[in-house]
Amino acid sequence: MLKNKLILLGITGGIASYKSAELARLLVKEGANVQVVMTRNAEAFISPLTMRALTGHPVYNSLFDPAHGTATVHIDLARDPDLVLVAPATANILGKMTAGIADDLLSTVLMAVKTTKCPVILAPSMNTAMLQNPAVRNNINVLRKRGFIVADPLEGNLACGDVGKGRMVEPAGLLELVKEELAAREDLQGLTFLITAGPTRESLDPARFFSNYSSGRMGYALARAARERGGHVILISGPTVLEPPSGVDFFPVVSAREMYDIVMEKLTLAHIIIKTAAVADYRPEETFPQKLKKGDDLILKLVRNPDILKEIGTKKGKIYLVGFAAETENILDNARKKMEEKNLDLIVANDLCQEGAGFNHDTNIVSLLYKDGSVESLPLMSKDELSHQILDRIKKFRKK
Ligand code: PMT
């Protein structure tokens, strides 16, 4: 189950760091791609060369490594891992994480990782007296409350000669924990999501089209979140500048009619359909083969595009159907009307007039309207975070 998973392994300076080599070996053996970040103190215990040989990747240990292509190595490393594991985690790194200190590569990477997106496991290892120190105990409690997973140290013989609690969980135990955490995040496995995103473009002539301000961010964030949680994702997108998330089946389209065709073709594959796309309701009746020349006032006739969501609503069967409503007034009433007209299970209403909501932002502010008439209003949050919240609700309310 670790095949193709990117695991960032942080190693800090404790005697247990020799076990990190075995841990890396086990992770690699299970198919994981392991990227190691070591602190300077860790290098006093174990050589980066060992870790490089075991993982097949260079080891990162500096914020300012000229060999790294960009100056933001900490952000680059924090962006993509499926899981972060710090083993061993010394009292020092726990203290820095709790206090918000980022003074080397590992502590800076840990500050940039979002625990909502990627599980972070900490495997403390230290002398019993240190572990019982109120500061360390407090730090562990605080980190747990912030969403970090702490692998409780074990009792046994310690390197200093003492016997007591403080031994790092053995590599095999940590491997199991990694698998459990990844499995828990893959809660949407077995489900196929059909997600539409972005605007559509309705061509007038070879130089002009009608469209809207949708950037595709909301739909791509949903596709990414569903994929991260193990769902199979079919992403059908109008033109955007975004890279499709990795691992999704991607179908680019331009016009509403193209979107209609591919949605109808894929419909029966989906357990859940989320229509985030801002589909143009109208298109020019005529598309001109040559660029229109300037002349007198131009009168164009626009004709209705198919309402894709409405049509899905008539044939949805067991599919859980989620629509979006982009509104500028009477938000909840208009959204409720759309929900009923289009036979939706859930509608996500955003008010385009609210700062930070709707088109072209990285954030959104929405209300979720459910079939039973209830409404849940969510505060401003990133489209990534909102996507996970929407998926949580779908998981809760969808009948199998
Ligand atoms: O892409 P971003 O920049 O991140 O912006 C996100 C967003 C504002 C586009 C998104 O949050 C959003 O609100 N999407 C729906 C936009 C919209 O078209 O709303 P609507 O109220 O016009 O349509 C209601 C629903 O019917 C939508 O799910 C839409 O996909 C669907 N529809 C509309 C018209 C049509 N012809 N066919 C459809 O399927």
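Atoms within a ligand are numbered from 1 in the order they appear, just like the ligands themselves.
A salt bridge does not link Glu385 with Lys114: none of the charged nitrogens is closer than 4.0 Å to a carboxylate oxygen. Between Arg217 and Asp362, at least one side-chain N (NZ, or NE/NH1/NH2) sits under 4.0 Å from a carboxylate O, which counts as a salt bridge. A salt bridge between Glu341 and Lys338 is absent, with no side-chain N of the basic residue lying under 4.0 Å from a carboxylate O of the acidic one. Electrostatic pairing of Glu285 and Lys301 counts as a salt bridge here, judged by a charged N lying under 4.0 Å from a carboxylate O.
At least one side-chain heavy atom of Lys179 sits under 4.5 Å from a side-chain heavy atom of Glu30.
Below 30°, between 30° and 60°, or above 60°: for Phe397 and Tyr370 the angle between ring planes is between 30° and 60°, a tilted geometry.
Sorted by chain then number, the residues whose non-hydrogen atoms approach ligand 1 to under 4.0 Å are Ser214, Ser215, Gly216, Arg217, Met218, Lys275, Thr276, Ala277, Ala278, Val279, Asp281, Pro306, Asp307, Ile308, Leu309, Gly323, Phe324, Ala325, Ala326, Lys338, Lys342, Asn350, Gly358, Phe359, Asn360, Asn364, Lys383.
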